[in-house]
Amino acid sequence: MTWAELRYEEACRRAVRIVGDGYGDVVIVPDGDHGDMWALYYFFWGQEPPPEALPHWVDGPLRDMGEVRPPYRVKTWLAETGLEEYLNDVD
């Protein structure tokens with residue numbers, strides 16, 4: 001299984017940290033094989049993502065928490081690059 005296939009409920013169980021900011025949640029999970037982390041972004045605005053939701057964006061591997069971008073910044077970057085429209089078609 002890839003990180004893009006990790007459902008919200010399972011990601012939260014594995015999380016070392018979860019951050020929400022009104023745009024979505026970023027669930028930070030450790031990569032046990034390498035000591036890195038992955039940031040899984042679930043964009044459901046102010047609502048809690050459904051347990052079965054897949055991440056809209058995956059960022060990593062990251063070496064430390066300082067590399068994790070808040071959901072707002074990732075959502076803005078996706079819109080600027082045109083990837084947001086693609087993701088909305090999938091939802």
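- In this structure, the side chains of L6 and L54 stay at 4.5 Å or more apart for every pair of heavy atoms.
- Evaluation of the side chain to side chain donor-acceptor pair (under 3.5 Å) rule for R14 yields E10 as partners, not counting sequence neighbours.
- Across all their heavy atoms, V19 and P71 have their closest contact at O-CG, 4.0 Å.
- In this structure the side chain of Y41 reaches within 4.5 angstrom of the side chain of V68, judged on heavy atoms.
- Heavy atoms from other residues, nucleotides or ligands lying under 6.0 Å from CD of Q47 number 12 at most.
- Judged by distance alone, with hydrogens and angles left aside, the side-chain atoms of Y42 form no donor-acceptor pair with the main-chain N or O of E48 at under 3.5 Å.
- In this structure, the side chains of L62 and W38 stay at 4.5 Å or more apart for every pair of heavy atoms.
- Two rings, from W57 and W3, have their centers 6.0 Å or more apart.
- For T81 against L78, the heavy-atom pair with the smallest separation is OG1-O, 3.2 Å.
- Using a 4.5 Å heavy-atom cutoff, the side chains of V26 and L40 are not in contact.
- For the atom pair CG of L83 and NZ of K75, the computed distance is 11.0 Å after rounding to the nearest 0.5 Å.
- At most 12 heavy atoms of other shown residues, nucleotides or ligands fall within 6.0 angstrom of atom CZ in R17.
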Checklist line | Test side chain to side chain contact (heavy atoms under 4.5 Å, CB included) applied to M37 and V29, step by step | finding: CA-CA 6 Å; M37 296 172 285; V29 293; over 6 Å; no

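- For the salt bridge (charged side-chain N to carboxylate O under 4.0 Å, His left out) condition, no pair includes a residue of residues 20-31, sequence neighbours left out.
- Taking every heavy atom of both residues into account, V27 and A11 meet most closely at CG1-O, 3.5 Å.
- None of W77, F44, W45 except one satisfies the ring pair (Phe, Tyr, Trp, His ring centres under 6.0 Å) rule with Y23; the exception is W45.
- In terms of heavy-atom proximity, A4 sits nearest to P55 at O-CD, 3.4 Å.
- Classified by interplanar angle (parallel below 30°, tilted 30° to 60°, perpendicular above 60°), the ring pair H56/F43 is tilted.
- Look at R63 and E67 and you find no salt bridge, because none of the NZ, NE, NH1 or NH2 atoms lies under 4.0 Å from a carboxylate O.
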